[in-house]
Engineer: 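Okay, here's the structure, questions in a sec.
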Amino acid sequence: MCREVALKLLNDFLDEIYRNGYVTPELKEKIKDFMLKCDYESLGITKEEIRKDRLKEYVIFFNVSYICEYDIFARKEDFYEALKDLKEWPEIKNFLDRGNILCDFHFE
């Protein structure tokens, strides 16, 4: 799967999570299929490509797929910088500082 198609699918997933507020069983299946067909570890999403309007949705995507920020971003630090705009940032930072990864972080 080419990078552009993979990014479009990821963005579609983020939009669907945003619209629904959660991950539907159908979306879980789409994400599983995406993981089988996509070399997501080579996406290398850059700072400019991070969807700042879908930051929480990235984390929810990580929860469902168990893909983590290390896998899809060129620099995980760029994603962390974007997360600083969320009201949950102090909680997220504390979570990360304890050695955790975002696929294990859940919004309350």
Side-chain angles (χ1 to χ4, degrees):
M1 175 180 303
C2 74
R3 183 177 188 274
E4 290 76 23
V5 171
L7 284 175
K8 184 199 177 319
L9 287 172
L10 175 60
N11 285 320
D12 289 349
F13 299 155
L14 298 175
D15 290 339
E16 191 169 335
I17 293 167
Y18 178 79
R19 272 192 310 277
N20 293 323
Y22 62 95
V23 177
T24 64
E26 296 82 14
L27 182 55
K28 273 187 185 181
E29 287 303 313
K30 289 179 192 177
I31 290 171
K32 267 176 52 178
D33 189 51
F34 170 81
M35 292 172 59
L36 293 172
K37 294 179 181 174
C38 173
D39 182 14
Y40 54 84
E41 291 176 330
S42 67
L43 281 176
I45 298 172
T46 65
K47 182 177 185 174
E48 297 75 28
E49 294 173 313
I50 294 171
R51 300 242 349 241
K52 300 210 177 27
D53 63 332
R54 297 288 183 263
L55 297 173
K56 285 185 174 184
E57 289 74 19
Y58 278 111
V59 177
I60 294 168
F61 170 78
F62 297 152
N63 296 160
V64 171
S65 65
Y66 223 66
I67 292 171
C68 73
E69 63 273 22
Y70 295 84
D71 294 331
I72 68 169
F73 295 107
R75 289 180 15 94
K76 68 183 183 314
E77 295 81 6
D78 292 335
F79 186 63
Y80 297 157
E81 186 66 32
L83 289 175
K84 289 180 180 179
D85 290 337
L86 294 179
K87 68 178 178 169
E88 295 89 355
W89 172 245
E91 184 181 352
I92 293 169
K93 182 175 182 339
N94 183 36
F95 186 81
L96 294 171
D97 287 347
R98 292 190 325 252
N100 296 299
I101 53 179
L102 290 174
C103 55
D104 291 324
F105 182 84
H106 296 275
F107 292 100
E108 293 181 21

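Keep in mind that the numbers below use all heavy atoms, side chains included, and drop hydrogens, waters and symmetry copies. Every value quoted in this text rests on a predicted model; they were computed, and no experiment measured them.
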Engineer: If you define the side chain from C-beta out and look only at heavy atoms, does anything of Y70 sit under 4.5 Å from F79?
Structural biologist: no

Engineer: side-chain contact (heavy atoms from CB on, under 4.5 Å), that's the test. Do L102 and L83 meet it? Break it down for me.
Structural biologist: CA-CA 11 Å; L102 290 174; L83 289 175; 3.7 Å; yes

Engineer: With side chains defined as the heavy atoms from C-beta onward, is the minimum distance between L96 and I101 less than 4.5 Å?
Structural biologist: no

Engineer: Answer yes or no: is there a donor N or O on one side and an acceptor on the other, between the side chain of N94 and the main chain of E91, under 3.5 Å?
Structural biologist: no

Engineer: Could you tell me whether the side chain of D33 reaches within less than 4.5 Å of the side chain of K37, counting heavy atoms only?
Structural biologist: yes

Engineer: Report yes or no: do Y80 and E69 form a side-chain donor-acceptor pair below 3.5 Å?
Structural biologist: yes

Engineer: Quick check for you: to the nearest 0.5 Å, what is the distance between Y40 atom OH and L9 atom CG?
Structural biologist: 14.5 Å

Engineer: Pick one: which of D15, I67, I45 meets side chain to side chain contact (heavy atoms under 4.5 Å, CB included) with L10?
Structural biologist: I45

Engineer: Is R3 salt-bridged to D39, cutoff N-O under 4.0 Å?
Structural biologist: no

Engineer: Determine whether a donor-acceptor pair (N or O, by modelled atom type, separation under 3.5 Å) exists between the side chain of N20 and the backbone of E16.
Structural biologist: yes

Engineer: Rounded to the nearest 0.5 Å, how far apart are NE2 of H106 and CD1 of I60?
Structural biologist: 10.0 Å

Engineer: Would you call D78 and R75 a salt bridge, taking side-chain N to carboxylate O under 4.0 Å as the test?
Structural biologist: yes

Engineer: Report the distance from atom SG of C38 to atom CG of L7, rounding to the nearest 0.5 Å.
Structural biologist: 8.0 Å

Engineer: Is it the case that D104 and Y66 place a side-chain donor and acceptor less than 3.5 Å from each other?
Structural biologist: yes

Engineer: Between E81 and K47, is there a salt bridge with N-O shorter than 4.0 Å?
Structural biologist: no

Engineer: When hydrophobic residues are tied together by side-chain contacts of less than 4.5 Å, even through go-betweens, does M35 share a cluster with V23?
Structural biologist: yes

Engineer: Just how far is it from atom CD of E4 to atom CG of L43, taken to the nearest 0.5 Å?
Structural biologist: 10.0 Å

Engineer: Could you check K56 against E88 for side-chain contact (heavy atoms from CB on, under 4.5 Å), going step by step and ending with a plain yes or no?
Structural biologist: CA-CA 9 Å; K56 285 185 174 184; E88 295 89 355; 2.8 Å; yes

Engineer: Is there a donor-acceptor pair closer than 3.5 Å between any side-chain N or O of E49 and the backbone N or O of T46?
Structural biologist: yes

Engineer: Sub-3.5 Å donor-acceptor pair from the side chain of N63 to the main-chain atoms of C103, do we have one?
Structural biologist: yes

Engineer: Can you confirm whether F13 sits close enough to N11 that some side-chain heavy atom of one is under 4.5 Å from a side-chain heavy atom of the other?
Structural biologist: no

Engineer: Please name all residues satisfying ring pair (Phe, Tyr, Trp, His ring centres under 6.0 Å) with F107, sequence neighbours left out, ordered by chain then number.
Structural biologist: F105

Engineer: Say you draw a straight line from CD1 of I72 to CD1 of I50; how long is it, rounded to the nearest 0.5 Å?
Structural biologist: 8.5 Å

Engineer: Check whether any side-chain N or O of Y58 sits under 3.5 Å from a backbone N or O of R51 as a donor-acceptor pair, and report yes or no.
Structural biologist: yes

Engineer: Do V5 and F34 belong together in a cluster built from hydrophobic side chains that touch within less than 4.5 Å?
Structural biologist: yes

Engineer: Would you give the length of the straight line joining atom CG of L55 to atom CG of L86, rounded to the nearest 0.5 angstrom?
Structural biologist: 5.0 Å

Engineer: On a heavy-atom basis, which atom in K28 and which in V64 lie closest, and how many Å separate them?
Structural biologist: CG-CG1, 3.8 Å

